[in-house]
*Asks:* 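First the structure, then my questions, so here it is.
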Protein chains: 2
Amino acid sequence: MTEASPAARVGRPRRSSRQMLEDAAAELFLEQGYPATSIEQITQRAGVSRNTFFNYFGAKSDLLWIDLDPSIAALVTALGASGSEEGTRLERLTTLILAVAAEHPASRVPWALSQVELMGTRADLEASAPARLLALAEAIQTFVAPEESEFIARTIGSVAVGAIAAGVGAWIAAGVRRDRLETYVAAALRPALAGFTNLAKGTR
Amino acid sequence: MTEASPAARVGRPRRSSRQMLEDAAAELFLEQGYPATSIEQITQRAGVSRNTFFNYFGAKSDLLWIDLDPSIAALVTALGASGSEEGTRLERLTTLILAVAAEHPASRVPWALSQVELMGTRADLEASAPARLLALAEAIQTFVAPEESEFIARTIGSVAVGAIAAGVGAWIAAGVRRDRLETYVAAALRPALAGFTNLAKGTR
DNA sequence: TGGGTTCTTGCACCCGATCCAAAAACCCGG
DNA sequence: CCGGGTTTTTGGATCGGGTGCAAGAACCCA
C-alpha cells in the first residue's frame, strides 16, 4: 500500500514531499476529478519529479485511502497483538473492532468516499479496496482461528469485513451530522456475528 | 463486464473469436502465468487483431471470471425478478441464493481462482472482484429493502456477499473431492444471516 | 575532506485501455 | 447481381499508470 517512512537520520533528507503531494492531489481532484488528474499533474503542482510520487505512494489509488489506512492497519495489529484475555475470541473480536473504530479521528472522513460521484473515484476505489479488506479479513480469521474451525474462521472474517464496510459506509454517507463511527459499525457487526455464537453444536 | 453478444443476423458475422480467445488465454496463462501474458499474445495466438479482444471482453481481468460471471448474473436477475411468494424476504433470500448455487455447473470451477498462486492472478482478481460483488450486494439490498430499514438492508447485502464469497472460496479450495457448491454457501450463509431475523424489536 | 547512505530525478520501457476512421463481410431490397 | 445499410474487424494513434535503472544531489559522520 503506502511506503513506510523509516525516517532515516542518515543520507539525503526527504523533501517533506509527502504532505505536499497529498495536498496537491486533493486540490486537483476537487478541481478536475480523480480520473482526469494524472500523476504528472500532481507532482508538477507539488514541485517534484514524477518518479518521486512512487517514493511515497505505491499507486495513485493510495491517495484515496489516506484517511482510512491508518485505522485499518491499527485494527490488524490490534488483532495480532491481542493476548488471551477473558471471554471467547468471538466476543473479544467485536470489542477490539469497536475500540479501534472509537479511536478513529472524527475529522478524518475520507473525501474520496464521501464524494465518489463528484470526483469519479468509484472505479479505482473499488479496485483498490480488496487489498485492504482482505488483509483485514485474514487478520480476523487468524484471530478467531484458535476457537473455530478453519471454514468458520474464514467465514467470520469475510462476514465481519462485510459488516464493517457497511458500517463505515453508512457513517460516511450520514453527512456532517453523523454519529460516532462505532455506533454504525456496532449496529452492523452485532447482528452479523450473532449467528456464530454457539455454533459448536449445529452446522459445524 | 463482458460485452453482450446480441447475435445480430445482419451485418458482418463475428468470427467465432470469443471461444478462441478464451482458449488461447487459458493456454498462455498456464504456460507463462497471467501477468506475463499480454493481450497481444492472446490475440496473436487466437489469430485476431489486438483490438478485437476488446470487442469481446471489456478488460483482461474479465477472462478470470468466465466461469462465475454467468451465475452471478443469474443470481442478480433472480433477485430482481422474484415476485412476492410466501415467507419473509430474508428467508427467501437464502432460498434464492442456494437455488442459483445449485444450478451452477459442477464442472465450471474457475481455474483463475483455484490456481491463484500458480498463475499469479491474485492482483487482478482482487481488483476486478468488487465490480461483481458490489452488483450482488446491491441486488440483495434492494431485494430485502421492502422489509428492512435502509441501513439494515445495506448491511445484509454486504454480509451476505461476504458469506457467499467465503462459501465459494471454500468450495474452490476443497479440490477435486469437493462437495456441492450449495453445501458450502449454505454453511456460510446461514449463521451470517441468522442474526438479522427478528431484528425489528432491537437494534433497528 | 572523503566515504557511505538515502533521496531525487531523468530516461526508457511495458502494457492495459480508449478513440477513431477505414476496410471487410454479410444481408436484403431492388 | 448490384449497391445501400449494418456490424465486425483492423490499424494507427494516444494516454496514463507502473517498473527498472543509473546518475546525481544532499546529507551525516568519521
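Proteins get letters first, then strands, A, B, ... in listed order; numbering begins at 1 in each.
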*Asks:* Just how far, in rounded Å, is C1' of C/dA24 from CZ of B/Arg14?
*Replies:* 15 Å
*Asks:* Donor-acceptor pair, distance only, cut-off 3.5 Å: does the side chain of B/Thr43 make one with the backbone of B/Ile39?
*Replies:* yes
*Asks:* Ignoring hydrogens, what is the shortest heavy-atom contact between A/Ser61 and A/Ser128? Give both atom names and the distance.
*Replies:* OG-CB, 3.5 Å
*Asks:* What's the CZ-P distance between A/Phe54 and C/dC7, to the nearest Å?
*Replies:* 17 Å
*Asks:* Can you pull the ring pair (Phe, Tyr, Trp, His ring centres under 6.0 Å) pairs that have at least one residue in residues 71-94 of chain A, sequence neighbours excluded?
*Replies:* none
*Asks:* Taking B/Arg122 for its side chain and B/Val116 for its backbone only, find out whether a donor-acceptor pair lies under 3.5 Å.
*Replies:* no
*Asks:* Tell whether A/Asn51 reaches the base of D/dG20 with its side chain through a donor-acceptor pair below 3.5 angstrom.
*Replies:* yes
*Asks:* Expressed in angstrom and rounded to an integer, what is the separation of B/Asp124 atom CG from D/dG17 atom C1'?
*Replies:* 13 Å
*Asks:* Strictly below 4.0 Å: does B/Ser49 bring a side-chain N or O up to OP1 or OP2 of D/dT9?
*Replies:* no
*Asks:* B/Ile42 CD1 to C/dC15 P: how many Å, rounded?
*Replies:* 12 Å
*Asks:* What is the distance, to the nearest angstrom, from the OH atom on A/Tyr34 to the P atom on D/dG16?
*Replies:* 13 Å
*Asks:* With a 3.5 Å cut-off and just heavy-atom distances, do the side chain of A/Arg50 and the base of D/dG16 make a donor-acceptor pair?
*Replies:* no
*Asks:* Between A/Ser38 and B/Gly47, name the one whose nearest nucleotide on DNA chain D is closer to the 5' end.
*Replies:* B/Gly47
*Asks:* With heavy atoms under 4.0 Å as the rule, sort A/Thr37 into base, sugar-phosphate or nothing.
*Replies:* sugar-phosphate
*Asks:* Using a cut-off of less than 4.0 Å, is there contact between a side-chain N or O of B/Tyr56 and OP1 or OP2 of D/dT8?
*Replies:* no
*Asks:* Where the side chain of B/Lys60 is concerned, which of C/dT8, C/dG16, D/dT9 is the nearest nucleotide?
*Replies:* C/dG16
*Asks:* How many whole angstroms separate atom CD of A/Glu40 from atom P of D/dG18?
*Replies:* 14 Å
*Asks:* Once each nucleotide of nucleotides 22-30 of chain D is scored for protein heavy atoms under 4.0 Å, what B/S/- sequence comes out, 5' to 3'?
*Replies:* --BBBBS--
*Asks:* What nucleotide, of D/dT9, D/dT10, C/dG16, holds the atom closest to the side chain of B/Ser17?
*Replies:* D/dT9
*Asks:* Applying salt bridge (charged side-chain N to carboxylate O under 4.0 Å, His left out) between A/Arg45 and each of A/Glu40, A/Glu22, A/Glu31, report the one that passes.
*Replies:* A/Glu31
*Asks:* Grab the CD-P distance between A/Gln44 and C/dT8 for me, whole Å please.
*Replies:* 18 Å
*Asks:* How close or far is atom P of D/dG17 from atom CG of A/Asp62, stated in whole angstroms?
*Replies:* 13 Å
*Asks:* With distance as the sole test, does B/Thr77 use its side chain to make a donor-acceptor pair with the main-chain N or O of B/Ala74 at under 3.5 Å?
*Replies:* yes
*Asks:* Closer than 4.0 Å, any side-chain N/O of B/Arg15 to the OP1 or OP2 of C/dA24?
*Replies:* no
*Asks:* Contact class for A/Thr43 vs. all strands (heavy atom < 4.0 Å): base, sugar-phosphate, or nothing?
*Replies:* nothing
*Asks:* For a quick check under 3.5 Å, do B/Tyr184 and B/Asp179 share a side-chain donor-acceptor pair by atom type?
*Replies:* no
*Asks:* Testing the 3.5 Å rule here: is there a donor-acceptor pair between the side chains of A/Thr94 and A/Arg190?
*Replies:* no
*Asks:* From C-beta outward on B/Thr52, which listed nucleotide comes closest to its side chain: D/dT9, C/dC15, C/dA17?
*Replies:* D/dT9
